[in-house]
Amino acid sequence: MEHDLKLLDVVALLVDIPESKLRKGEVGTIVEEFEDGAVEVEFADKRGIAYAFVDLPKSKLLALHTVDVSGEVV
């Protein structure tokens with residue numbers, strides 16, 4: 001659910017953002033939350049070097065989760 005998104009969550013884009021050269025499915029991290037409900041997402045390469053910062057409504061993002069060996073979602 002989009003309202004569950006919070007600071008430092010890992011997210012994936014649900015849409016292309018052509019003006020930022022980002023494609024649906026790219027993975028980023030929420031680095032700022034705004035009062036209007038939008039968030040700023042940082043997109044970085046495998047080395048951790050940021051290549052885009054984009055302000056987006058939460059409705060354009062999907063929260064990504066991992067499961068540890070105990071089965072707990074983290």
#### Entry: Minimal non-hydrogen separation, Val11 against Ala63, with atom names
CG1-CA, 4.2 Å
## Note on the structure
Applying side-chain contact (heavy atoms from CB on, under 4.5 Å) to Leu62 and not counting sequence neighbours gives Leu14, Leu64
### Distance-minimising heavy-atom pair for Val27 and Phe43
O-CD2, 3.3 Å
### Task
Sort and list the pairs that fulfil salt bridge (charged side-chain N to carboxylate O under 4.0 Å, His left out) and have at least one residue in residues 7-17, not counting sequence neighbours.
Lys6-Asp9
### Task
Any chance you could measure Leu22, atom CG, to Glu19, atom CD, to the nearest 0.5 Å?
8.5 Å
#### Entry: Residue pair Val54 / Ser20: nearest heavy atoms and the distance that separates them
CG2-OG, 3.7 Å
### Query
Tell me the side chain to side chain donor-acceptor pair (under 3.5 Å) pairs involving residues 23-40, sequence neighbours left out?
Glu26-Tyr51
### Task
Start with the C-alpha distance between Leu5 and Val39, add both sets of side-chain angles, then the distance that settles side chain to side chain contact (heavy atoms under 4.5 Å, CB included), and finish with yes or no.
CA-CA 9 Å; Leu5 297 176; Val39 293; 5.7 Å; no
### Over all atoms of both residues, closest heavy-atom pair of Ala12 and Gly25
CB-O, 4.1 Å
### Message
Suppose we screen for side chain to side chain donor-acceptor pair (under 3.5 Å). Which residues come up paired with Asp45, at least two apart in sequence or across chains?
### Response
Arg47
### Minimum side-chain heavy-atom gap Ile17-Leu56 below 4.5 Å
yes
### Query
Got a sec, which residues hit side-chain contact (heavy atoms from CB on, under 4.5 Å) with Ala44, two or more places apart in sequence or on another chain?
Glu42
### Whichever hydrophobic residues join Val31 through chains of side-chain contacts under 4.5 Å
Phe53
